[in-house]
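This chain uses plain numbering: 1 for the first residue, then up along the sequence. Note that ligands are numbered from 1 as they come in the structure, with each ligand's atoms numbered from 1 the same way.
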Amino acid sequence: MLLSKFLCQYMIQDDYKTQGMRTQLNRLLRVKGISDDAVLDAMKIVPRHLFMDKDFLKQAYSDIAFQIGKGQTISQPYTVAYQSSLLDVKRGDKVLEIGTGSGYQTCVLIELGAKVYSIERQKELYDKTKVFLPSIKYNPKLFYGDGYKGLPAFAPFDKILVTCGAPFVPQDLLAQLKVGGILVIPVGAGKQQVMTTVLKLSAFDFETHELDKFSFVPMLEDKERGS
Ligand code: SAH
């Protein structure tokens, strides 16, 4: 009874129309250079429109970032696809995400088979997403806190993904990465960031690659909490 009520609710929220819109969006992402089938398949499953106000269906399936409140945005689909591809998630990977926001990227990681731990520093967003994700069947471990510090109690992680623009690569995050693990982080204090991957070769050796430029909301430090 409960299950059928849940399915009914879920199916009403995601129908052939919205599934078709996701197929179109995936085609666009391929044209823009995304070729990772696992990532595109995951994005085909997650109903992005449910993470935004219902009046913005068209925007949900356009390749744009969008306001989600408190001055924050749900990342552009291309950015989600790009970062997820770089993270190279394997089933069962323990992944730390910095910047839960709407939880959309979190759900894409879950569909890729990751066990996700995600940190958000804005209390209102954290509260909202903590209730919303289980309501659409996703159950990551969500934390209200400071992404610069990571989650030492749950380390080490196979992969770490930062979804806000960091002025530098936080040492705590490197320390919480497994040897062989990958950190994906947009680095830059100004309007633009350079997408950066850091591969942990040993406890003290790292291989860094700088890729394309993106524009993220800033990764804020604790002292700015509440802004
Ligand atoms: N992954 C999100 C993107 C949200 S935008 C999504 O798919 O919707 C980036 C998020 O990072 C914002 O919600 C912002 O509040 C959060 N953030 C900024 N600085 C942070 C920090 N120091 N620790 C954790 N989260 C932070």
Ligand 1 contact by [X], heavy-atom criterion under 4.0 angstrom:
{"X": "Ser118", "answer": "no"}
{"X": "Thr100", "answer": "yes"}
{"X": "Glu221", "answer": "no"}

Would [X] count as a polar contact of ligand 1, with the cut-off being nitrogen or oxygen pairs under 3.5 Å?
{"X": "Thr163", "value": "yes"}
{"X": "Leu220", "value": "yes"}
{"X": "Ile74", "value": "no"}
{"X": "Tyr148", "value": "no"}
{"X": "Ile68", "value": "no"}

For this session: May I ask you to establish whether Lys200 and Phe206 are in a cation-pi arrangement, using a distance under 6.0 Å from NZ or CZ to the six-membered ring centre and at most 45° from the ring axis?
Result: no
Exercise. Are Lys178 and Phe157 in a cation-pi setup, meaning NZ or CZ lies under 6.0 angstrom from the ring centre and within 45 degrees of the ring axis?
Worked result: no
For [X], counting its heavy atoms only, list the atoms of ligand 1 lying under 4.0 Å from any of them.
{"X": "Glu97", "answer": "1 (N)"}
{"X": "Asp146", "answer": "22 (N), 23 (N)"}
{"X": "Ile98", "answer": "23 (N), 24 (C)"}
{"X": "Thr73", "answer": "3 (C), 4 (C), 5 (S), 8 (O)"}
{"X": "Val217", "answer": "5 (S), 9 (C)"}
{"X": "Leu125", "answer": "13 (O)"}
{"X": "Ser102", "answer": "6 (C), 7 (O), 8 (O)"}
{"X": "Ile119", "answer": "24 (C), 25 (N)"}

Verify whether the ring centers belonging to [X] and [Y] lie closer than 6.0 Å.
{"X": "Phe143", "Y": "Phe154", "answer": "yes"}
{"X": "Phe168", "Y": "Tyr148", "answer": "yes"}
{"X": "Tyr138", "Y": "Phe132", "answer": "no"}

Would you confirm whether [X], through its side chain, and [Y], through its main-chain N or O, come within 3.5 Å as a donor-acceptor pair?
{"X": "Asp93", "Y": "Val95", "result": "no"}
{"X": "Gln76", "Y": "Asp63", "result": "yes"}
{"X": "Glu97", "Y": "Gly103", "result": "no"}
{"X": "Gln193", "Y": "Gly190", "result": "yes"}

Exercise. Roughly how far apart are Lys159 NZ and Thr197 OG1, rounded to 0.5 Å?
Worked result: 12.0 Å
Exercise. Between atom CG of Asp36 and atom CG of Leu29, what is the distance when rounded to the nearest 0.5 Å?
Worked result: 11.5 Å
Quick test of your reading of the structure: of [options], whose heavy atom lies closest to [atom]?
{"atom": "atom 3 (C) of ligand 1", "options": "Gly71, Ala65, Ser75", "result": "Ser75"}
{"atom": "atom 18 (C) of ligand 1", "options": "Gly99, Pro218, Gly147", "result": "Pro218"}
{"atom": "atom 13 (O) of ligand 1", "options": "Glu120, Glu124, Gln122", "result": "Glu120"}

Problem set entry | Part of Gln72 within contact of ligand 1 (heavy atoms, under 4.0 Å) | side chain
Exercise. Of the options Lys44, Lys137, Arg48, Arg22, which is the one that meets Asp14 in a salt bridge (Lys or Arg N to Asp or Glu O under 4.0 Å)?
Worked result: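 Of the listed options, the one satisfying the test is Arg22.
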